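Structure first, commentary second.
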Amino acid sequence: MDASAVARGASSKAISQVFLKLISFLANGYLIRLVSNEVLGVVYIRLYLLYATIQILSREPLRKVCLAKHPPEQWPQLVSLIWISIPFSAVLGCSLTLLWVLVLETPDLPHYTAGCVIFAVCAVMELFAEPPHVYLLNKHFVRSPIIVEAVASLLQTLITVAVAHYSSSLVPFIVGAVVYSVLYVMVYWIIYRIKRSKDDLMFYGLSKISVSPEHASLTISFLKQTVLKQVLTMGEDYVMTFLSVVTFAQQGVFSTVSRLAAIVIRVGFKHVEDSYYLFFAQMLRRGLPPDQQGRDALKTCKETLGNLLRFNALFGLVVTVYGLSYARLALLIYGGQSLASSDGPWLLQWHCPYIAVCGINGVSECFYFATMSQMEVENYNLKLLPFSACFLILSVVLSYLFGTVGFILANIGNMAIRIFFSLRYTAQYFGGLDTLYRTLPNIPQLMIIAVCGCTALLSKLVLESTESPLGYLCHIIIGGLSFVLVLLTLWECEDLSFKSFLKSLNPIKMRTKTE
């Protein structure tokens with residue numbers, strides 16, 4: 001894959017994500033004032049869980065197989081594999097929709113059944129865009145998918161907000177989902193028709209469907225892994241949906257706060273993880289032991305992974321410290337008094353350490369998944385199976401003990417154990433703990449973070465408690481000044497290698513140097 005194309009795609013993805021998340025952030029803050037927490041709980045937990053389950057289980061395993069390097073003669077088999085995702089998603093969608101409508105508790109809201117059916121249809125419809133999506137990425141048109149998602153997401157958000165002025169039920173979200181899916185599929189195929197070569201007609205015909213046993217076996221392995229990871233990633237949503245341990249209104253507050261925290265995770269971590277997964281996958285050959293890899297490539301990957309882990313550890317530590325002092329004020333500005341006076345601040349405070357462990361887990365797992373063989377994938381799946389069951393049980397127990405905070409505590413434990421597995425693999429791969437030691441902050445960094453964190457906490461107790469505009473403003477100014485001091489100290493206490501890494505933060509440049 002062309003290095004410069006990947007670099008442009010990574011930077012474009014980062015910019016578009018920041019732009020889109022900013023719009024979604026403002027739009028969702030406005031929506032909170034238009035619809036009830038019960039509606040938000042049904043949409044963001046119940047309906048989006050149905051949509052995400054169909055889409056992720058039908059799409060992710062095939063993408064992992066088809067987006068790897070393959071010889072040209074295997075393309076017809078890969079095309080067949082891509083198209084199989086559509087009937088698979090249709091069967092899965094019908095089964096899950098019946099479960100959502102006939103078995104689960106029905107909320108006292110109009111259009112719930114229609115919402116389940118339409119969200120499932122939208123998930124299946126978007127699978128029709130998988131052939132052009134895979135084609136465009138394999139042909140190195142890395143910006144095209146970004147354009148598609150940017151246009152569709154922007155229009156979905158704007159239309160949802162517009163319709164919400166006339167209806168405060170599920171209708172705005174249903175209309176927004178339909179608009180997104182139609183635009184998503186339509187724009188993908190338009191771009192494909194523009195970009196494709198004359199001999200790329202294989203996407204239009206399915207007269208010869210053939211899938212190689214190797215691809216089928218690898219797809220099944222990734223499917224099992226995707227199911228387990230889906231349970232671990234959205235386990236709290238499944239518990240809330242199937243066991244009804246909290247009310248729909250509590251689910252609405254939880255989902256609103258979770259989406260607010262997810263902005264940091266997706267914008268701060270996700271595009272970096274995606275880019276460096278590609279970097280590690282191209283630098284090192286999957287399944288080969290370290291002594292059979294290139295020495296320069298191995299050294300570069302070791303240094304890069306250590307710097308990534310250190311960056312995410314420092315980022316997560318700062319977010320955790322300041323989140324304790326500014327969670328309530330952030331929710332007051334974002335969602336108004338109703339959100340700030342609920343369990344929202346308590347939930348957001350606990351989401352901050354969760355963000356920290358997510359950052360470390362994302363980087364460690366991106367190296368793990370980029371380098372392990374199919375046998376190691378299967379072994380990892382076996383480890384996840386009992387762990388997934390334990391995680392669901394823990395989520396139920398902690399939710400009964402601590403309410404919605406229990407779900408966050410269970411997720412933190414989930415991420416901590418996954419970090420243990422992936423870092424243990426990393427230590428064995430590189431033959432030592434040097435990479436792990438690099439993750440730890442030094443003493444001056446810990447001291448300045450602790451001092452500034454205590455200052456912000458004292459400011460919260462003295463100024464925020466006044467509940468006056470002047471008090472809030474002074475609290476923000478103190479936090480901003482101490483935050484700048486933290487950043488300057490962190491920078492001055494780092495070595496040249498880490499500073500150079502921060503300035504570039506582009507894995508492709510390092511790859512071209514080693515080649």
Side-chain angles (χ1 to χ4, degrees), residues 24-25 28-53 99-101 103-112 115-116 119 164 168-170 172-173 231-265 323-324 327-355 391-414:
S24 298
F25 176 82
N28 287 327
Y30 188 65
L31 276 174
I32 292 171
R33 294 166 168 83
L34 298 176
V35 299
S36 66
N37 287 331
E38 185 179 11
V39 171
L40 293 174
V42 172
V43 172
Y44 290 146
I45 299 295
R46 182 71 67 87
L47 296 183
Y48 272 103
L49 180 64
L50 172 63
Y51 169 86
T53 302
L99 178 64
W100 252 244
V101 173
V103 178
L104 298 180
E105 175 190 359
T106 302
D108 188 20
L109 290 172
H111 314 300
Y112 169 71
C116 291
F119 268 73
S168 58
S169 64
L170 302 177
F173 301 94
V231 172
L232 293 176
T233 303
M234 304 186 71
E236 68 275 10
D237 291 356
Y238 289 107
V239 171
M240 283 187 278
T241 296
F242 287 95
L243 299 182
S244 302
V245 293
V246 294
T247 65
F248 287 113
Q250 289 175 309
Q251 292 179 29
V253 175
F254 178 84
S255 63
T256 301
V257 175
S258 297
R259 283 173 168 262
L260 182 60
I263 293 176
V264 179
I265 296 174
L324 295 175
R328 183 184 178 278
L329 182 57
L331 291 181
L332 181 64
I333 297 172
Y334 178 61
Q337 188 64 41
S338 61
L339 186 60
S341 59
S342 64
D343 293 335
W346 182 237
L347 289 171
L348 188 56
Q349 287 175 334
W350 276 105
H351 262 100
C352 292
Y354 175 60
I355 289 172
F391 167 67
L392 291 177
I393 295 173
L394 184 63
S395 297
V396 175
V397 173
L398 291 178
S399 65
Y400 277 114
L401 293 176
F402 303 107
T404 48
V405 172
F407 295 117
I408 307 174
L409 296 175
N411 271 320
I412 292 175
N414 156 35

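Source: prediction; values computed, not measured. The first residue of the sequence shown is numbered 1, and numbering continues consecutively from there.
For the pair Phe407 and Ser395, the tightest heavy-atom approach, listed with the atom from each and the gap, is CE2-O, 4.0 Å. Scanning both residues, Pro345 and Ala327, for their nearest heavy atoms gives O-CB, 3.8 Å. Across every non-hydrogen atom of Leu34 and Ala164, the tightest pair is CD1-CB, 3.9 Å. Of all heavy-atom pairs spanning Ile412 and Pro353, the tightest one is CD1-CG, 4.2 Å. The minimum heavy-atom distance between Leu47 and Gly115, with the atom names listed, is CD2-C, 4.0 Å. In terms of heavy-atom proximity, Ser169 sits nearest to Pro172 at O-CD, 3.3 Å.
Here the OH atom belonging to Tyr112 is positioned 9.5 Å from the CG atom belonging to Leu170, to the nearest 0.5 angstrom. In this structure, the separation between CG on Asn411 and OG on Ser258 is 8.5 Å, given to the nearest 0.5 Å. Atom CD1 of residue Ile45 and atom CE of residue Met234 lie 7.5 Å apart, to the nearest 0.5 angstrom. Rounding to the nearest 0.5 angstrom, the gap separating the CD1 atom in Ile408 from the CG atom in Leu348 is 8.5 Å. To the nearest 0.5 angstrom, Leu398 atom CG is 12.0 Å from Glu236 atom CD.
Take Leu104 and apply the side chain to side chain contact (heavy atoms under 4.5 Å, CB included) test, not counting sequence neighbours, and it matches Arg46, Trp100, Thr241, Phe242.
For the pair Asn414 and Leu394, the minimum side-chain heavy-atom distance is 4.5 Å or more. Residues Ser399 and Thr404 have side chains not in contact (no heavy-atom distance under 4.5 Å, counting atoms from C-beta outward). In this structure the side chain of Val39 reaches within 4.5 angstrom of the side chain of Phe173, judged on heavy atoms. Cys352 is not listed as a side-chain neighbour of Leu324, based on a closest heavy-atom distance of 4.5 Å or more.
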All N/O donor-acceptor pairs, side-chain side in residues 248-255, below 3.5 Å, sequence neighbours left out:
from	atom 1	to	atom 2	distance (Å)
Gln250	OE1	Thr247	N	3.0
Gln250	OE1	Thr247	OG1	3.4
Gln251	NE2	Val246	O	3.4
Ser255	OG	Gln251	O	3.1
Ser255	OG	Gly252	O	2.9

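A donor and an acceptor atom, one from each side chain of Tyr334 and Thr256, are nowhere located under 3.5 Å apart.
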Given the rule in the side-chain contact (heavy atoms from CB on, under 4.5 Å) test, do Asp343 and Val257 qualify, once you have shown the distances and angles that lead to the verdict?
CA-CA 10 Å; Asp343 293 335; Val257 175; over 6 Å; no
